[in-house]
Amino acid sequence: MTLYYSTNHKVDPVGLADALLQGQAGDRGLFMPQTIPPFAADFLRRARKLSYPELATQILEPYTTGVFTPDALAELCHDAYNFDVPLERVDATRHVLRLDQGPTASFKDFAARFMGRAIGQLVRERGQELLILTATSGDTGSAVANAFLNVAGIRALVLFPLEEVSTRQRKQMTTLGDNVTSLALPGKFDDCQALVKQAFADPELNQLNLSSANSINIGRLLPQSVYYVYAASRLVDLGGGEPVIFSIPSGNFGDMMGGMLARFSGLNVRKSVIATNANDEVPRFVATGGYRKIQPSKVCISNAMNVGHPSNLARLVDLYGGQMDETGELKKPLDMEKLRNDLFAVSIDDDRTRQTIREAYRDHQLILEPHGAVGWAGLEQYLADHPQDRNTTAISLETAHPAKFPDEVRALTGVEPEVPPSLRGIEEMPEHYEELEVDYPAFKQYLLKEYVR
Ligand SMILES: *Cc1c(COP(=O)(O)O)cnc(C)c1O
């Protein structure tokens, strides 16, 4: 059975169930698996014949033994991954992996849908009920709410700033119904976040069994290793093969860490290109060995990557033998030489992101949105700097659907991105949300009235 230790090493390792339910370790570190299970020698060849849910079951099995039976895990993966994962060939060597076919049209569905179901099962086994409380500025709320939709034993409440989210974002939350409730506030995202934090700190609300299910949960990391293997296994049919260069548009570096798990399990990765927007604290760290967070983070058009102090950096440092605490202080040096050998880090600003969207369409009829364009530009930069790798197969990750950024895409390519069924349906669906003032006593009253049984 795999145990999970904290990157701060001040608490004892725990099993997956506790790691999932705790989220963050008691010493403010992040959970990491004690062993990264190696793939069998012919694993990739066998993976070619497996569907995405079948492959996910096989990869996640060693991480989850003792917590889920093989049958329960298989059922969970089939239920979570009921959408396509298309790998698009762009030219002789380069490909785009579209991770945007899930219900919220962002790659966060891969992580959130696994974690939601995993936590749901644990809660049911323990005979508990959990209230997931989350504040959102737009996208996270819909991914989390979607992930917990219809999961028995769990109720989810999403707080959002009424005037600050787009109509589409609002509808992604307010049309769900069932066990998901949306609460609109007249304030800003920070006001929503403050109410949620105060509720977590309020002992009188302990009876509600609150959980945040946030982005650093190990349950969101593990499933993000699967699509790297899946994409590599599908290359053969497109005339490519190992080794593979992956390019990953990155913000909080959870996506990148999924790729690292696959690499440490034995996937033959030539290079992991990590591409950030103008929030370049990690490319600087890789270049200089010195880490300085960016505060406040810079506002870029790839807005889901506007992160100035990525929490998963501590996990990367850990993987390379060092230790970094939650403030970003390097407590123990890492093997920088090995890291630089495995990874190429690059920052792409908004001008270059826009230029990339324009040129990818002009040269390859490839439609990218801002996040995927950062990844594609990072790959172009790597290949320009390393001409010896130009014949190596490469896969760039597209993490959101172009229809989520219609204005930018239309202006740069002249093409109106087709709205996928997952986003189209919500236009006509009835909305339900409650409104509340930004006032803690009123919020607490609401929680006690609605959620105490
Ligand atoms: C969250 C997000 C990212 C960044 O992923 P990380 O795991 O935080 O690096 C990239 N693109 C989109 C569309 C996202 O929503």
Side-chain angles (χ1 to χ4, degrees), residues 30 96-115 134 136-147 166 168-169 172 214-228 246-262 272-283 285 294 297-298 300-316 343 345-348 353 356-357 367-378 396-406 408-409 417 420 422-423:
L30 302 184
V96 165
L97 181 65
R98 296 216 179 254
L99 300 172
D100 58 2
Q101 304 289 300
T104 72
S106 121
F107 94 102
K108 293 204 168 61
D109 286 327
F110 285 85
R113 286 173 72 79
F114 177 83
M115 185 184 63
T134 188
T136 184
S137 56
D139 275 349
T140 307
S142 60
V144 170
N146 248 288
S166 70
R168 188 166 279 164
Q169 284 176 324
Q172 281 189 294
N214 61 14
S215 64
I216 55 174
N217 197 298
I218 188 73
R220 284 180 65 166
L221 204 63
L222 302 174
Q224 289 178 167
S225 64
V226 176
Y227 44 75
Y228 290 89
F246 282 101
S247 186
I248 310 143
S250 294
N252 213 11
F253 291 90
D255 196 354
M256 177 277 300
M257 274 305 297
M260 283 293 165
L261 292 181
S272 305
V273 177
I274 52 170
T276 68
N277 57 27
N279 292 284
D280 63 351
E281 66 283 352
V282 173
F285 172 61
I294 296 180
S297 57
K298 295 181 188 161
C300 301
I301 55 170
S302 48
N303 57 10
M305 309 198 310
N306 294 341
V307 182
H309 180 42
S311 30
N312 280 300
L313 186 56
R315 284 188 165 122
L316 183 70
L343 197 141
V346 57
S347 159
I348 306 292
T353 305
T356 303
I357 295 176
I367 299 189
L368 297 171
E369 54 70 55
H371 304 81
V374 168
W376 187 254
S396 189
L397 273 47
E398 175 51 285
T399 47
H401 196 284
K404 291 187 98 172
F405 301 87
E408 207 76 53
V409 172
S422 61
L423 299 180

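Remember, it's 1-based here, ligands and their atoms both numbered in the order they're listed. The first residue in the sequence is number 1, and the count goes up from there.
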Residue from Asn252, Leu316, Thr276 passing side chain to side chain contact (heavy atoms under 4.5 Å, CB included) with Pro310: Asn252
Select one of side chain, backbone, both or neither to describe which atoms of Lys108 lie under 4.0 Å from any atom of ligand 1, heavy atoms only. side chain
Contact check: Gly254 vs ligand 1, nitrogen or oxygen atoms, below 3.5 angstrom: yes
Nearest neighbour of atom 6 (P) of ligand 1 from the list Leu397, Asn252, Leu99, Val374, on a heavy-atom basis: Asn252
Least distance between heavy atoms, Val374 atom then Ser302 atom: CG2-OG, 4.1 Å
Locate the shortest heavy-atom distance separating Met305 from Pro249; write the atom from each residue and the value. SD-C, 3.5 Å
For atom 4 (C) of ligand 1, what's the nearest protein heavy-atom neighbour? Residue, atom name and distance, please. Gly251 N, 3.7 Å
Output for pair (Met257 CE, Leu221 CG), nearest 0.5 Å, gives 5.5 Å
Is there at least one pair of N or O atoms, one from Phe107 and one from ligand 1, spaced under 3.5 Å apart? no
For Asp255, the ligand 1 atoms whose distance to one of its heavy atoms is below 4.0 Å: 7 (O)
Examine distances only and state if a side-chain atom of Ser247 and a backbone atom of Gly375 form a donor-acceptor pair shorter than 3.5 Å. yes
min-distance protein heavy atom vs atom 11 (N) of ligand 1 -> Thr399 OG1, 2.7 Å
Proximal ligand 1 atoms for Ala400, defined as those under 4.0 Å from one of its heavy atoms: 13 (C)
What heavy-atom pair brings Pro402 and Pro417 nearest, and what distance separates the two atoms? O-CG, 3.7 Å
